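What follows is a single structure, written as structure tokens, with notes after it.
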Amino acid sequence: MLRTGLVCLLLSALAPAAAADEFAGQRAQLTREVAEQARHARHALPPAGFDAAVLAALGKVPRHEFVPPERRAQAYANRPLPIGHGQTISQPFIVALMTQLLELQGDENVLEIGTGSGYHAAFLAERARRVHSVEIIAPLAREAEARLRRLGYDRVEVKLGDGYFGWKERGPFDAIVVTAAADHVPPPLVAQLKPGGRMVIPVGAPFLTQELVLLRKERDGRVTQREILPVAFVPLTGGPAR
Amino acid sequence: MADCRARPPLAAIFLLSAATLAYEVLLTRLFSLIQWHHYAHMIISLALLGFGLSGALLAAWGERLARRLETALAWAAAGFGIGAVLAFLAARAIAFNPLELAWGPEQAFRLLATYGVLALPFLCAGGGIGLALMALEGQRHRLYAADLLGAGSGALAVVVGLQWLPPGRALLLVGALGLLAAARFAPGSRARLPLYALAVIVALLPAPSVAPSAYKPLTRTLAAEGARVLAEVDGAQGRATALVNPQAPLRDAPGLSPLSPYHAAPQIALFVDGEPVGGVPLGDRRYLGELPSAAPYALLEAPRVLSFGLGATTWQALDVEGARVRVVADNASLIRLLGRLRENPPAGGLPPIPEVVLGDPRAYLAAERARHDLIVLHVPVTPGGLAALRENTLLTVPGLRALLARLQAGGWLAISTTAGLPPRELLKLAATARAALGDEAARRVAVVRGYRAATLLIKAAPIEARELAALAAFAAPRGFDLDYPAGLPEGGNPRADIAEGLAALLAGDAQAFLAGYRMDLNPASDDRPYFFHFFRAEAAGELYERRAAGGLALLDWGYLTAWATLAQAALLALLLLLPSRKRGGGAPVFAYFSALGLGFMLLEIAFMQQLVLLLGHPVYAVALVLTAFLVGAGLGARQAPRFAARLGWVVAAIALFALLNLLLLAWLAEVLAPWPLAARMAVAALAVAPLAFCLGMPFPLGLAALGQNRAAAAWAWGVNGAASVIAAISAQLAAAHFGFTAVVLAALLLYGAAWLGFGKLAGVAGRGAQA
């Protein structure tokens, strides 16, 4: 009787942890899958593929918390998912790639344009000192902010606004990531990037496919860019294109 | 049954056919607005197999229906009338989302469900017309004539009507027309009166809303806080929408320099069928000088400019001091929308909105004799190959020559486009320039490129050193690259793939480069006017392998969707028709009537394209060809019994008139370009009328040859319908690969094959059910 009771006590102690970690296996599988896919962007990644820190973030950030309840079963599929208001949460491979390209060391001030569900902001927060995120759709901004607070991502600040002009008051930034497409690199964002800073942005026709571009601002103010691979992002809703 | 035999229901058949073809055209319009146009074609094409299914069902059960013919016909027409409206509403509710097709099977089931519901009205209409043809043996040629005349009238009515009617209202009117047909079929006034009343009720119902899907660009742009529609215009060429967002302004500035001291101005965004087509800039427009497309203005002062389209290149030209600008666009809905904006400008005002000439660019160039210092146009982005099978007669070798012929000595042609990864539009333009200019291209072309946007400049004469220096001075402070000629300083994004490609195509071994490139960059021609067709099978497999890394985005979905539609249609047609082949007369009936179905549609589609250049407008061409073909064929069908023993002469006449049209239409387009539109339409109608008249005869002659075998007549109707669907899909694929001339020749071979098989129909006539 006593033995049975001890077993039950042990199981009940473990149960909350088991419930909280029910997606751990799926996150681990997703991490392996994304690491495996590094070969598709080998021209843009180090020879060893994704940094361990980026993969660790992938294994830690609970993507299931950032998707609608009816999509939880697909939360750890390596694909974009709709989150309402015509927007999507990005494919994890792309999130990892964009973060990797920023080469964050841990003490950066980062700007994100296009908060969406807040997943990418949370991802960045695992790697940067501070993340400032701008979202143009009010319900998404509110929900993302509440979600990030609930999950303990206090290093992320969310603002409702037009991401085209960045967030001048919080700049300049060591890194800028734009998770929405535009047909050009907004000059205000370039102006808010520190010399030596990096920007990752999808550039092209905002409603279907674009090129993921890594832009670097040199010490002398010159800007160079390199196309990484084709992607499909929702638009930086300040801009249509053809 | 006595009534119908004594007085065949010609008026009712006319009304039902008119409603059916109007519904087909209207559905294409509705789904192009809700979805994307190539998915619209896919969905409608498969739904039309309802016609094929009707023939198969009639072959099996038609005799039972024929015993109460008028009632059955009335039910079929009523089924169409009500079904046309309900099917659309059901399909809208199913909400197929093509963007998720590649990611899971759920959308495939939604697509199948969409096919199914939309096929039902066509099943009813096809069943009604097929039943009449089947049961009224002695009147088949008159019934078929009424069918074709009705179809031609319906096509014309919907194309004209959509200029004024919202598509939701047009849908209800089509349904009401079907119910009118049902009333005309119905036996006795007790049956007719309720149907008339129902027709009136349906016509007066509140029109269903027709809104783009949640994933269409317009809908997603409207989701942003503060976005609102300023004006909207419906027309046969689509719904044009003007939208602003004072809180989060929309900005269209392809390739704007990141070093620009000016940010892109807020704009009124313009959409057609929910897809972005550009914007009207408001406020400070100095950013327009910081785009790669502004390069020609570093070379010219106060130029006389001809601008095609309503994108950034037009607003740029209008903003240049001293420039005299003529704007030409080919979308009537968009032009009317600009007129509305001019009449009701938003608070804050508008820049001067130009008068825009409506016309097809090639036809305009043929008719207009003035020369210009600068001609500008923009080649739109075609991500995912969605425009792979969309004809464009300007971006061809003859089109480029026509543009260059309108330049002053020392003038420039500036074509702006994307410079994506891998490069395709830009390199194809270079290939086209080489084909148009020969070795001269090496000295007359320069390319300025910004971030994913480039401008290809072609001068009327060799470029001078000082002009290259001016271009370099324009590019350097903006961080732009000069990709051609070689040897100029690098900008912010040197691209060896582009520079090497341009060097090979403009000055090197272009043929070798084209043969070895992973995409099809061969220049388009008037016979194969598919500039946006880039697909190469070798590259497709590699891109699919890389789908998780974005490879799918580079596949030509428009092209692949057409093949998928063809495969589905062929498979479904066989599955629907083969089970009843024995009752239906088997191989002789299949061979004859499928050849006719394929041949007729191939000719119709090929000449539709040929007439675009003569008439100067794709909508007019479609409307004229559909009407002229169907009305002409209807008149021919009426006269078919006179040619019962002379099918060979009929087929020979078809071949003669088709070849004459093939030879003469391109010449007529050039010679008659300055004529008024009405005169050109009359000439076009006269040109196709003899061909259409002859095309109307083989089908009723074949039905007559089947004699009393009504099951065979029904099956023939189904076979012919299914073959028409397959031809409609395959015509564009065939033209993209082999050209429209080959499509016409293939159609003539099919008619020849039908003539050879005609004699075997007599053997089928003796078998089967009697009345």
Side-chain angles (χ1 to χ4, degrees), chain A residues 33 37 39-41 74 77-80 82 85-87 91 93-94 97 136-138 160-165 182-190 203-213 215 217 221-232 234-242, chain B residues 100 103-104 214-217 219-221 223-225 227 243 245 247-264 267 269-271 275-279 287 291 311 378 380-381 383-384 386 418 420-421 450-453 479 492-493 495 546 548-551 553-554:
Chain A
E33 204 177 305
Q37 282 184 333
R39 71 184 189 280
H40 295 305
Q74 300 167 297
N78 187 15
R79 56 162 287 187
H85 308 281
Q87 308 299 305
Q91 181 187 2
F93 170 77
I94 296 296
L97 177 62
I136 199 168
I137 297 176
L160 174 67
D162 179 5
Y164 187 87
F165 292 101
D183 68 4
H184 61 278
V185 180
L189 296 184
V190 177
V203 178
F207 290 99
L208 280 167
T209 58
Q210 308 86 38
E211 299 301 325
L212 190 66
V213 170
L215 185 144
K217 191 171 190 178
R222 273 185 315 119
V223 166
T224 60
Q225 70 139 30
R226 183 158 66 104
E227 286 90 353
I228 304 298
L229 49 69
V231 290
V234 296
L236 182 65
T237 318
R242 53 193 65 93
Chain B
E100 286 195 65
W103 294 105
Y215 290 93
K216 267 222 153 161
T219 316
R220 287 154 69 177
T221 308
E225 202 155 310
L243 183 153
N245 189 335
Q247 286 177 237
L250 304 147
R251 299 178 186 90
D252 171 31
L256 177 66
S257 168
L259 301 173
S260 167
Y262 317 110
H263 58 76
Q267 293 164 12
L270 303 176
F271 296 81
E275 296 287 334
V277 295
Y287 76 96
L291 306 175
H378 179 84
V381 169
L386 299 179
T418 55
L421 189 73
Y451 294 96
R452 212 173 182 266
N493 175 224
R495 290 272 302 271
R546 300 183 62 194
L554 297 178

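Treat the numbers as computed from the prediction; the structure is a model and nothing was measured. In the text below, chain A, chain B and the rest are named by the order of the sequence lines, each starting its count at 1.
- Contacts with chain A were tallied for Ala264(B), Ala227(B), Gly479(B), Ser257(B); Ala264(B) has the most, counting heavy-atom pairs under 4.5 Å.
- Proximity of a side-chain donor or acceptor of His184(A) to a complementary backbone N or O of Ala253(B) within less than 3.5 Å is detected.
- For Tyr287(B), no part sits under 4.5 Å from any heavy atom of chain A, backbone or side chain.
- Between Pro258(B) and Val223(A), the shortest heavy-atom distance links the atoms CG-CG1, 4.2 Å.
- Not counting sequence neighbours, the partners of Ala77(A) by the side-chain contact (heavy atoms from CB on, under 4.5 Å) test are Arg79(A).
- Taking the side chain as every heavy atom from C-beta outward, Pro187(A) and Leu256(B) approach each other to under 4.5 Å.
- Under the rule for a salt bridge (Lys or Arg N to Asp or Glu O under 4.0 Å), Arg226(A) has no partner lying at least two apart in sequence or in another chain.
- When all heavy atoms are compared, the tightest approach of Leu259(B) to Gly221(A) is CD2-O, 3.9 Å.
- Contact annotation: the side chain of Thr224(A) never approaches that of Asn493(B) to less than 4.5 Å [non-hydrogen atoms, C-beta and beyond].
- Between Arg251(B) and Tyr164(A), some side-chain heavy-atom pair lies under the 4.5 Å cut-off.
- Between His263(B) and Phe165(A), the closest side-chain pair of non-hydrogen atoms falls below 4.5 Å.
- Heavy-atom distances place no part of Thr219(B) under 4.5 Å from chain A, backbone and side chain included.
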Can you check salt bridge (Lys or Arg N to Asp or Glu O under 4.0 Å) on Arg452(B) and Glu227(A), steps first, answer last?
CA-CA 9 Å; Arg452(B) 212 173 182 266; Glu227(A) 286 90 353; over 6 Å; no
